[in-house]
Amino acid sequence: MHPQKKQEIMDDLEDFANGQSFYQKTGRAWKRGYLLYGPPGTGKSSMIAAMANYLSYDIYDLELTEVNNNSELRTLLMKTSSKSIIVIEDIDCSVNLTNRKKNNKRNYCDPEVRCGSGSACGGEDGGNSITLSGLLNFTDGLWSCCGSERIFVFTTNHIEKLDPALLRSGRMDMHIYMSYCSYPALKILLKNYLGYEESDLDYHVLKELSDVVDKAEMTPADISEVLIKNRNYKQKAVTELLEAMKTRADRNFQCGSLRDKISDEEEQEKRALETPNEGSEFEEPCKEGENKEKMKS
């Protein structure tokens with residue numbers, strides 16, 4: 001991870017862990033929510049483990065597909081201890097949490113409204129499944145205040161699929177984008193896996209790496225795989241990594257050019273359909289005149 005972003009997260013975690021007096025003074029529940037989002041392989045699960053190690057907290061990994069209903073979800077919450085991190089990974093594809101019924105106003109359920117079991121806000125099967133309202137209660141409702149020093153962490157590869165009600169402050173206080181590997185992060189990986197400091201590498205190699213790393217859009221997992229495979233042959237590892245990054249950058253450039261070309265063609269076709277053909281209003285009368293001459297003859 002980029003050192004500056006990592007330091008921001010560490011500072012926020014420390015503020016939370018040392019903030020008991022603040023939360024008591026303000027009357028807020030001593031909890032905090034983190035949303036980790038970004039492409040697969042960017043270190044979301046590793047980040048959770050790092051957070052737990054840094055704070056010496058327990059981790060509860062919640063698999064929503066194994067929970068039958070909202071009541072069971074609440075019971076699980078009550079069994080968690082303080083100084084813990086409650087994790088729901090890939091929340092966008094765990095269960096269908098979109099229980100807003102827009103086609104029938106009488107059945108419409110605003111997830112901001114707290115609903116009891118068996119109400120119209122339940123799922124289509126009569127409340128035997130987890131609903132969006134139930135999950136919101138889990139993270140931000142009355143029961144979430146029973147206990148202290150808890151961190152809720154959601155992960156997703158597609159933040160655009162999540163309901164806005166899940167993303168607001170108080171539920172997910174800090175949104176952390178786990179991006180592709182940057183140059184500062186790459187130097188950390190080279191140090192961790194190969195023991196290479198920046199001064200150990202040739203200047204021209206460093207220059208090539210810095211120029212291509214953003215264009216390659218490789219995840220830390222992709223880069224780590226190359227380095228682990230050749231960890232006993234450090235120079236070969238760097239050479240192979242540079243070649244892999246160049247290949248990925250070229251592919252991304254070609255795909256980008258192809259997307260731009262398709263987009264331009266679609267735009268031209270759209271304009272052609274929207275713009276009337278010049279001279280078309282004059283062509284039809286000419287044809288009528290020709291037909292009249294033919295009829296006279």
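Values below: all heavy atoms of this structure, side chains included; hydrogens, waters and symmetry mates excluded.
No continuous path of ILVMFWY side-chain contacts below 4.5 Å connects Y233 to L241, so the two sit in separate hydrophobic clusters. M1 is not connected to V213 by any chain of hydrophobic side-chain contacts under 4.5 Å among Ile, Leu, Val, Met, Phe, Trp and Tyr, and they are in different clusters. Placement of L242 and Y180 in two distinct hydrophobic clusters is found when ILVMFWY residues are connected by side-chain heavy-atom separations under 4.5 Å, directly or transitively. Cluster membership check: F253 does not share its hydrophobic cluster with V212, using side-chain heavy-atom separations under 4.5 Å among Ile, Leu, Val, Met, Phe, Trp and Tyr. Linking Ile, Leu, Val, Met, Phe, Trp and Tyr residues whenever their side-chain heavy atoms come within less than 4.5 Å leaves L201 and I188 in two separate clusters.
The backbone N or O of Y196 lies less than 3.5 Å from no partner atom in the side chain of D200, so there is not a single donor-acceptor pair. Between the side chain of T155 and the main chain of D90, a donor-acceptor pair closer than 3.5 Å is present. In this structure, the side chain of T75 engages the main chain of S71 through a donor-acceptor pair within 3.5 Å. Proximity of a side-chain donor or acceptor of H158 to a complementary backbone N or O of Y37 within less than 3.5 Å is not detected. Judged by distance alone, with hydrogens and angles left aside, the side-chain atoms of W30 form no donor-acceptor pair with the main-chain N or O of A17 at under 3.5 Å. Listed for the D173 side chain is no donor-acceptor partner under 3.5 Å among the backbone atoms of S169.
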*Could you give me the CA-CA distance, side-chain angles and deciding distance for R74 and N137, then say whether side chain to side chain contact (heavy atoms under 4.5 Å, CB included) is met?*
CA-CA 8 Å; R74 183 180 65 186; N137 271 304; over 6 Å; no

*Does the side chain to side chain contact (heavy atoms under 4.5 Å, CB included) test come out yes or no for T156 and L35, once each step is laid out?*
CA-CA 8 Å; T156 178; L35 175 69; 4.1 Å; yes

*Check the pair D11, Q7 against side chain to side chain donor-acceptor pair (under 3.5 Å), reporting the backbone distance first and the verdict last.*
CA-CA 6 Å; D11 292 343; Q7 189 60 50; 2.9 Å; yes

_Pair L64-L62, side chain to side chain contact (heavy atoms under 4.5 Å, CB included): steps then yes or no_ = CA-CA 6 Å; L64 288 181; L62 180 58; 3.9 Å; yes

*Derivation and outcome, side chain to side chain contact (heavy atoms under 4.5 Å, CB included), residues I151 and L13*: CA-CA 9 Å; I151 293 176; L13 289 171; 3.9 Å; yes

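Residues D163 and L136 are not in side-chain contact: their nearest non-hydrogen atoms beyond the backbone lie 4.5 Å or more apart. Proximity of L55 to K83: side-chain heavy atoms (C-beta onward) are nowhere separated by under 4.5 Å. Residues I9 and M174 have side chains in contact (heavy-atom distance under 4.5 Å, counting atoms from C-beta outward). For the pair L206/Y183, a side-chain contact is recorded, criterion being any heavy-atom separation below 4.5 Å from C-beta on. At least one side-chain heavy atom of L209 sits under 4.5 Å from a side-chain heavy atom of M245.
Donor-acceptor pairing under 3.5 Å is lacking for the side chains of E197 and S199. With 3.5 Å as the limit, one finds no donor-acceptor pair spanning the side chains of S82 and R150. Using a 3.5 Å distance cut-off with no hydrogens or angles, the side chains of D12 and Y34 do pair a donor with an acceptor. Between T42 and Y177, the side chains place no donor N or O within less than 3.5 Å of an acceptor N or O (distance only, hydrogens not considered).
Of all non-hydrogen atoms in N70 and I130, the two that sit nearest each other are OD1-CA, 3.3 Å. Minimum heavy-atom separation, Y23 to A29: CD2-O, 3.3 Å. Closest approach of K44 and M178 over heavy atoms only: CG-CG, 3.6 Å. Nearest heavy atoms, L227 versus L189: CD1-O, 3.9 Å. Heavy-atom minimum distance, S84 versus Y57: N-CD2, 3.7 Å. Between N252 and A216 the shortest heavy-atom distance is ND2-O, 2.9 Å.
Separating the CD atom in E198 from the CG atom in L186 is a distance of 10.5 Å, to the nearest 0.5 Å. The line from CG of D92 to CD1 of I159 is 10.0 Å long, rounded to the nearest 0.5 Å. Going from atom SG of C181 over to atom CD1 of I223 covers 3.5 Å, rounded to the nearest 0.5 Å. Taking CG from L73 and CG from N69, the interatomic distance works out to 8.5 Å, rounded to the nearest 0.5 Å. Atom-to-atom distance recorded for F16:CZ and M51:CE is 9.5 Å, nearest 0.5 angstrom. Atom OG1 of residue T80 and atom CG of residue D58 lie 10.0 Å apart, to the nearest 0.5 angstrom.
F138 and F152 have their aromatic ring centers within a separation under 6.0 angstrom.
For E160, the CD atom is densely surrounded, since the number of other residues' heavy atoms within 6.0 Å is greater than 12. The neighbour count for K215 NZ, taken as heavy atoms of other residues, nucleotides or ligands under 6.0 Å away, does not exceed 12.
Residue pairs meeting the salt bridge (charged side-chain N to carboxylate O under 4.0 Å, His left out) criterion with at least one member in residues 216-242, sequence neighbours excluded, are D222-R248, K229-E240.
The pair K207-D211 counts as a salt bridge, with a side-chain nitrogen and a carboxylate oxygen less than 4.0 angstrom apart. With respect to K31 and E149, no salt bridge is recorded, no charged nitrogen being found less than 4.0 Å from a carboxylate O.
Residue F154 is tested with T139, L162, I86 for a side chain to side chain contact (heavy atoms under 4.5 Å, CB included); the sole match is T139.
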